[in-house]
Each structure stands twice: as C-alpha cells, then as structure tokens.
Amino acid sequence: MKIGVYTIQSSIARPEQLQNEGFFAAIANAFGGDFERLELDAFLKEDFGLVYIATGGSESGFLEVYDRLKDRPIYILTSGESNSLAASMEILSYLRDHGSQGEILHGDAAEVGARIAALYKANRAKNALQGIRLGVVGKPSDWLIASSFDRKALQTKLGAEIVEIPMDELLAEIEKGGFAPNPWTDKLLAVGYDKEEVEKALIVYGAFRRLVDKYELGGVSVRCFDLLSSVKTTGCLGLAILNAEGIYGGCEGDVPSLVSMCILGAISGKPVFMCNPSRIDSKAHEIIFAHCTLPVNMPFDMQLTTHFESGIGVAIAGSILTGDCTVFKTSGDLQRHIALNGRLLENLRETNLCRTQIRVEVSDTNYFTKTPIANHHIVCTGDETDAIEAFFELLA
C-alpha cells in the first residue's frame with residue numbers, strides 16, 4: 001500500500017528540522033508499504049491519507065486548509081522532534097471543538113505503523129461498502145428470532161441498501177435452469193462427487209447469479225432451507241461460488257450476518273466463513289464453529305458431501321489454514337459488535353456437525369454464553385481486530 005502524506009510546517013522552520021526520511025522509512029517498513037508526499041489538491045483525491053505536522057508553529061498553517069480537510073477524518077502524524085507533538089495536540093483539540101474526526105499517530109515505528117495499517121483498512125472498507133446493495137431472498141428463517149436489522153441505520157451509517165426479493169422469483173430462475181461455467185464451477189465438477197447432484201446445485205448457483213446481476217447486488221442472503229422441499233437440493237454450493245466471486249453470500253436470510261460478512265470481507269480483503277458456534281470448552285478457551293457453506297477459494301483442501309441437517313444436496317467440507325484468525329459479528333443496527341483475535345487450531349470432520357468444522361482458541365468464551373450477538377458469526381484468517389475497531393470508530 002502507498003499512503004499519501006500532506007505536510008504542514010512552521011513558516012520559520014529550519015531545513016534541518018525537516019530532515020525526516022529515516023522517520024518515514026521506519027514507519028513505512030512497519031506497515032509494509034510506502035509514503036507519497038502530496039500537495040493538497042492531490043492529497044484530497046485520496047480516500048485515505050495522513051497530515052504530517054512537521055514542526056511546532058504549524059497551527060496557523062493548518063487553519064488555512066482546515067475547511068478543505070474537515071469533511072474527512074484527519075489523521076495527524078507526528079514525530080518526537082521539533083515540537084511536532086505539541087502542535088498536533090493543539091490541532092486535535094481544535095478538531096474536537098469543531099466536531100471533526102481526528103487522531104494523533106505518535107509512538108515508536110511499530111506502533112504507528114500498525115495503527116496506520118488498521119486505519120487504512122478501515123477507511124478502504126468504509127469507502128468500498130458505500131452504496132452496496134444487499135439482497136434478501138425470501139424472509140429470514142423462522143428461527144432467527146434475535147437477528148433483526150435496522151434498514152435506516154444500515155443506510156445512514158454504512159451506505160447499504162437492502163433489496164427484498166420474493167422467493168418465487170428465485171424458484172422461477174431455478175426452473176429456467178442453466179448456469180454460466182467458470183473456474184469455480186469447473187473445480188467443483190472435477191472433485192468427482194455425484195455429478196447429477198453437483199449439476200443440480202450448480203443450477204441453483206446459476207439462479208443466484210442471475211438475481212445478483214439483475215439487482216446489481218454486492219451481497220445476498222437466501223432463505224435456503226425452503227429449497228430442500230421445493231427443488232430437493234440446497235444453496236450451499238451456490239453461495240460458496242458467489243463468495244469466491246466476490247459477492248458476499250449468506251444463509252437463512254440472516255441480514256446481520258450478511259452485513260458482518262461484508263464488513264469483515266472489505267476490511268480483510270480475504271474470504272470469510274459464516275458459521276455456527278457449535279461447542280464450547282470454557283476451560284481450554286476453545287470453540288468449534290461449523291457450517292455447510294464455505295467460499296470455494298478459502299480452503300486449502302475440500303471434499304463434497306451432503307447438507308448436514310437434510311442429508312441431501314451438496315455441501316463443502318473444507319480445511320482452512322491454521323494460525324491467527326478473527327471472529328466477528330455486528331448487530332443489525334450496527335450498535336453492537338464483537339471482534340476477537342483467535343487461533344485456528346484444527347480442522348475437524350465430525351459426523352454430527354455441519355460439514356466444515358474448525359476448532360478455534362479465543363481469549364475468553366464468556367461472550368458466547370453471556371452476551372452473544374445471536375447465532376451466526378463470521379471468521380477469516382489473520383488478525384483484523386484493530387482494523388475492525390477503527391472501522392466502527394468511523395461509523396460513530
């Protein structure tokens with residue numbers, strides 16, 4: 001990543017006070033990117049950037065450009081020299097007094113670099129989700145009694161629009177049959193599972209894809225259990241392909257989980273797994289998550305089998321890379337969220353759970369038994385907790 005920087009300094013700054021290439025190089029190395037010094041017009045075209053307060057006495061220079069900066073969060077980069085921090089504190093206080101978002105970035109290179117990376121991901125995600133259209137096919141499943149959503153809050157805070165699509169329209173698309181072959185459908189057909197069942201599941205994918213294209217959706221959640229009786233298959237494979245294509249696909253008409261998928265996916269830039277907490281070992285701080293759909297591009301190894309509850313259709317039993325992971329969920333009004341850094345310890349293949357199963361260690365399991373945000377949670381590889389918290393700061 002390359003981060004734009006706009007520099008403000010005192011009019012009487014001496015040249016030696018501006019010799020800071022080592023300072024910038026250390027921070028850039030910490031976040032794994034680079035800086036680009038920009039003039040104000042170019043800086044304002046960037047979705048994300050830093051205002052570097054190079055010296056004390058920069059306050060008046062900041063006021064001269066404040067009106068052009070005030071409609072975006074102002075991230076103030078400081079050094080430990082030339083009264084940079086003192087001037088930045090004066091500026092940040094001014095921002096707070098005038099209702100603007102801002103933050104001082106100060107500390108050692110590793111600390112500042114990590115914060116810049118988190119802020120970059122958060123801002124990138126917020127911009128990416130503006131205007132996203134999320135489809136809900138059919139009503140949410142009957143058992144989702146605590147998974148309501150606030151349409152106005154999603155629109156106002158996230159810029160997301162909920163599009164309701166009748167189940168009959170999906171069934172009509174399935175009746176038409178057909179799907180557009182692509183590398184993901186080819187991969188699934190090549191696994192060697194029951195060809196007739198896979199092709200039936202891919203017809204459901206084709207119907208999903210046509211609805212996504214028709215309504216210009218960036219994500220969709222489907223009342224998928226209705227398909228068991230109506231077309232004698234499931235939506236697991238279709239949702240798995242949509243997710244691999246970059247269209248967030250969720251189960252059971254669960255809107256808060258779909259929104260959570262969008263947020264975590266946009267922040268991480270990685271595939272995300274919508275799953276059920278299935279079993280908790282509080283002494284070991286471990287929890288098993290499982291579900292029957294998984295983005296096709298997420299596992300390093302997979303098998304095809306049936307949907308767990310019904311024993312029909314086609315579902316993915318996949319293996320996800322072990323190591324750091326993130327467990328995330330937000331409520332349907334964006335008022336609550338949980339972001340836990342975990343460690344994916346093991347992929348399981350138990351017969352009495354949904355088909356993809358992972359054992360995850362977290363710092364504390366009390367949240368799941370005392371204050372959970374409903375049932376489904378979203379998991380991705382890597383630790384994205386800092387970026388998630390930064391994202392919700394932007395929504396405040």
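These numbers were taken from a predicted model, which means no experiment stands behind them.
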Any side-chain heavy-atom pair of [X] and [Y] under 4.5 Å:
X      : Y      : answer
Leu189 : Leu202 : yes
Tyr205 : Asn182 : yes
Ile320 : Met298 : yes
Leu77  : Phe23  : yes
Val327 : Phe289 : yes
Thr330 : Pro256 : no
Phe328 : Glu384 : no
Leu144 : Val255 : no

**Message:** Taking ring-ring contact (aromatic ring centres under 6.0 Å, His included) as the definition, give me every residue that meets it alongside Tyr75, ordered by chain and number, with sequence neighbours left out.
**Reply:** Phe48

**Item:** ring-ring contact (aromatic ring centres under 6.0 Å, His included) partners of Phe62, counting only residues at least two apart
**Value:** Tyr66

Work out which heavy atom in [X] is nearest to a heavy atom in [Y]; give both atom names and the distance.
X      : Y      : value
Asn297 : Trp184 : CB-CH2, 3.5 Å
Asn347 : Ser319 : OD1-CA, 3.3 Å
Ile53  : Ala87  : CG2-CB, 3.9 Å
Leu294 : Gly318 : CD2-CA, 3.9 Å
Gly219 : Leu258 : C-CD2, 4.1 Å
Ala54  : Gln9   : CB-CB, 4.0 Å

If only atom types and distance count, is the side chain of [X] paired as donor or acceptor with the main-chain N or O of [Y] below 3.5 Å?
X      : Y      : result
Lys232 : Ser229 : yes
Ser58  : Thr55  : yes
Tyr367 : Ile373 : yes
Thr326 : Gly382 : yes
Arg343 : Gly323 : no
Arg209 : Ile241 : no
Thr156 : Ala153 : no
Ser82  : Gly56  : no
Asn276 : Ser278 : no
Ser221 : Asp254 : yes

**Asked** Is it the case that more than 12 heavy atoms not belonging to Glu90 sit under 6.0 Å from its CD atom?
**Response** no

**Request:** Check whether more than 12 heavy atoms from other residues, nucleotides or ligands sit under 6.0 Å from atom CD of Glu175, and answer yes or no.
**Result:** no

Which side-chain N or O atoms in residues 263-272 pair as donor and acceptor under 3.5 Å with protein atoms at least two apart or in another chain?
{"from": "Ser268", "atom 1": "OG", "to": "Leu264", "atom 2": "O", "distance (Å)": "2.8"}
{"from": "Ser268", "atom 1": "OG", "to": "Lys270", "atom 2": "N", "distance (Å)": "3.0"}
{"from": "Lys270", "atom 1": "NZ", "to": "Thr381", "atom 2": "O", "distance (Å)": "3.0"}

Quick one: [atom1] on [X] to [atom2] on [Y], what's the gap to the nearest 0.5 Å?
X      : Y      : atom1 : atom2 : result
Ile316 : Thr293 : CD1   : OG1   : 6.0 Å
Leu237 : Leu188 : CG    : CG    : 4.5 Å
Leu158 : Leu134 : CG    : CG    : 8.0 Å
Lys157 : Asp150 : NZ    : CG    : 9.0 Å
Arg115 : Ile27  : CZ    : CD1   : 14.0 Å

**Message:** Can you list everything that forms a side chain to side chain contact (heavy atoms under 4.5 Å, CB included) with Val231? Sequence neighbours excluded, please.
**Reply:** Leu171, Ile174, Leu227, Thr233

Could you tell me which residues satisfy side chain to side chain donor-acceptor pair (under 3.5 Å) with [X], sequence neighbours excluded, listed by chain and number?
X      : answer
Thr365 : none
Arg72  : none
Asn83  : none
Asp168 : none

**Request:** Evaluate side chain to side chain contact (heavy atoms under 4.5 Å, CB included) for Leu394 paired with Asn123, printing each intermediate quantity in order.
**Result:** CA-CA 8 Å; Leu394 291 173; Asn123 280 269; 3.8 Å; yes

**Request:** Walk me through it: do Leu38 and Tyr6 pass the test side chain to side chain contact (heavy atoms under 4.5 Å, CB included)?
**Result:** CA-CA 5 Å; Leu38 300 173; Tyr6 175 64; 5.7 Å; no

Which residues pass the salt bridge (Lys or Arg N to Asp or Glu O under 4.0 Å) test with [X], sequence neighbours left out?
X      : value
Glu36  : none
Glu111 : none
Lys70  : Asp67
Lys126 : none

**Asked** Pick from His376, His377, His307: which one makes a ring pair (Phe, Tyr, Trp, His ring centres under 6.0 Å) with His291?
**Response** His376

**Request:** I would like to know whether Phe31 and Tyr120 meet ring-ring contact (aromatic ring centres under 6.0 Å, His included); could you show each step before the answer?
**Result:** CA-CA 10 Å; Phe31 69 74; Tyr120 173 82; 8.2 Å; no

**Request:** Tell me yes or no: between the side chains of Asp333 and Ser331, is some donor less than 3.5 Å from an acceptor?
**Result:** yes

**Asked** With no hydrogens and no angle check, do the side chains of Arg355 and Thr306 hold a donor and an acceptor under 3.5 Å apart?
**Response** yes

**Prompt:** Between Ile203 and Leu239, is there a shared hydrophobic cluster once you connect ILVMFWY residues whose side-chain heavy atoms come closer than 4.5 Å?
**Reply:** yes

**Message:** Would Met89 and Thr78 count as a side chain to side chain contact (heavy atoms under 4.5 Å, CB included) here? Give the steps.
**Reply:** CA-CA 10 Å; Met89 292 171 66; Thr78 74; over 6 Å; no

**Message:** Evaluate His337 against Phe391 for ring-ring contact (aromatic ring centres under 6.0 Å, His included), listing each step before the verdict.
**Reply:** CA-CA 11 Å; His337 70 275; Phe391 178 87; 9.0 Å; no

